[in-house]
Protein chains: 2
Amino acid sequence: MRSKIEGDPRAARREAKWSKILEEAWDLARRDGLAALSLRDLADRVDLRQPSLYAYFDSKLDLYDAMFADGNRQLLAFIAAHGPYADEPSEALKALVQVVVQFSSEDVVRHQLLFQRTIPGFEPSAASYAFARDFYELARRRLAAVGATEQNDIDLFSALVTGLAHQQVANDPGGDRWARLAGRAVTMFLYEVEPHTPTTKGELRCTRH
Amino acid sequence: MRSKIEGDPRAARREAKWSKILEEAWDLARRDGLAALSLRDLADRVDLRQPSLYAYFDSKLDLYDAMFADGNRQLLAFIAAHGPYADEPSEALKALVQVVVQFSSEDVVRHQLLFQRTIPGFEPSAASYAFARDFYELARRRLAAVGATEQNDIDLFSALVTGLAHQQVANDPGGDRWARLAGRAVTMFLYEVEPHTPTTKGELRCTRH
DNA sequence: GTCTATACATCGATAGAC
DNA sequence: GTCTATCGATGTATAGAC
């Protein structure tokens, strides 16, 4: 795939233009709101006429789809950039939650597109959704490492994380009022999933100090 | 206020029309998406011409504001209709969470308007926000009854509830995959807020052996 | 209060020339 | 690929009759 671009200067230029379009689309969405994104404003930003944008995507929903994939790529990159973590599974899980909430709080409209479905008619394509699945798998593995494998446990955890992220974004954008609760939230979750009565699920001792 | 309407048939008719407008606006929003609501379609639904709608609200954002207030009234009515609960504080809290998540899952766009801020330019007016404050106060009182009064506790709880509601709405609309976790979530929360080792609120240390 | 009529700006999208 | 020109639909708003 890479060789195609590097070997073909026209494809490389097109790729660069496409990246510029995505970047400016995010910027406009942050300024005007995700739903209020205007293709004419976007065209102005990238030195094109509005109809010429259709050489890069088939419709506005298609653009949202590309942004959805891009946002998920950013999320995976953000997680990778803030690693590696301690090997200790519960610490790794705490770190993940912290990072995800921070990621969400850094860009409200990105969080809207990735985790809230508010654009009428928008449904991620299978290809774009694959990136979201990658993130889900990453979280699932880190949950399994602390012994949370049942669907109910995973669902409870996902609610906890999205709740923290949503409250952070909605009520304290740019701050850390909910982000700083990530560690406590995971502690609470772990205690629920692995009760400290050390019976079947391995020897786990919990004490308060 | 009531006497005004009952005493004046014209005011009563206007009130009825206004209710009809709100009702059809919700229905259209559910069909087309909240942001895609069209005033021309709405006018057709209520047997008016589009400009005549401006006799009932000053702008489209004004209509959203009225829907915001209406949705919050519905929430308070929904809570009232599903009471009274057991006096036991923790059970009352569980019931509240259950009801709120169920309420959200019953209407996705209502949940969007009330708890997610996705309409560009929309900000609830002070009058409409008063209803939201009523709900917040109700939840705060029920939290206080179980001993959760610190802001961090309230924030953690709000994240938990909105997280359950959001996951329910986004990933299992109409179902109960997350709604049924409400009781467990509250139990988990209560254990965190009121540790049964009644000493300090120190960090919980878990170690494997 | 509701209507007709109209205006204006903006939007996504398409046709066809180059 | 990019352009010009244009389309239909939209939201907003106003004037003026009844």
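Lettering of chains follows the sequences in order, A, B, ..., and the numbering in each one begins at 1.
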V109(A) backbone acceptor or donor facing Q116(A) side chain under 3.5 Å: no
Respond yes when some side-chain nitrogen or oxygen of [X] is under 4.0 Å from OP1 or OP2 of [N], and no when none is.
| X | N | value |
| --- | --- | --- |
| Y56(A) | dT2(D) | yes |
| S52(A) | dC3(D) | yes |
| R49(B) | dT4(C) | yes |

Side-chain heavy atoms of L61(B) within contact of E123(B), under 4.5 Å: no
Sugar-phosphate only, base, or nothing, as touched by F57(A) at under 4.0 Å among non-hydrogen atoms: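 F57(A): no heavy atom of the nucleic acid under 4.0 Å.
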Touch class at under 4.0 angstrom, heavy-atom based, for D62(A) against every strand present: nothing
Whole angstroms only, please: what is the [atom1]-[atom2] distance between [X] and [N]?
| X | N | atom1 | atom2 | answer |
| --- | --- | --- | --- | --- |
| D47(B) | dT4(C) | CG | P | 12 Å |
| W18(A) | dG1(D) | CH2 | P | 13 Å |
| K17(B) | dC3(C) | NZ | C1' | 13 Å |
| Y64(A) | dC11(C) | OH | C1' | 11 Å |
| L48(B) | dG1(C) | CG | P | 12 Å |
| L63(A) | dG12(C) | CG | P | 10 Å |

Electrostatic pair R184(A):D153(B) at N-O distance under 4.0 angstrom: yes
Aromatic Y56(B) / basic R14(B) pairing, under 6.0 angstrom, 45° off normal: yes
Atom of A35(B), atom of K60(B) and distance for their closest heavy-atom approach: O-NZ, 3.9 Å
Candidates R45(A), K20(A), R110(A) - the one meeting salt bridge (charged side-chain N to carboxylate O under 4.0 Å, His left out) with D27(A): R45(A)
Over 12 non-hydrogen atoms of neighbours within 6.0 angstrom of CZ in R13(B):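 Not more than 12 within 6.0 Å, no.
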N/O contacts under 3.5 Å, protein versus nucleotides 11-13 of chain D?
residue: dG11(D); atom: OP1; partner: L37(B); partner atom: O; Å: 2.8
residue: dG11(D); atom: OP2; partner: S38(B); partner atom: OG; Å: 3.2
residue: dG11(D); atom: OP2; partner: L39(B); partner atom: N; Å: 3.4
residue: dG11(D); atom: N7; partner: R40(B); partner atom: NH1; Å: 2.8
residue: dG11(D); atom: N7; partner: R40(B); partner atom: NH2; Å: 3.4

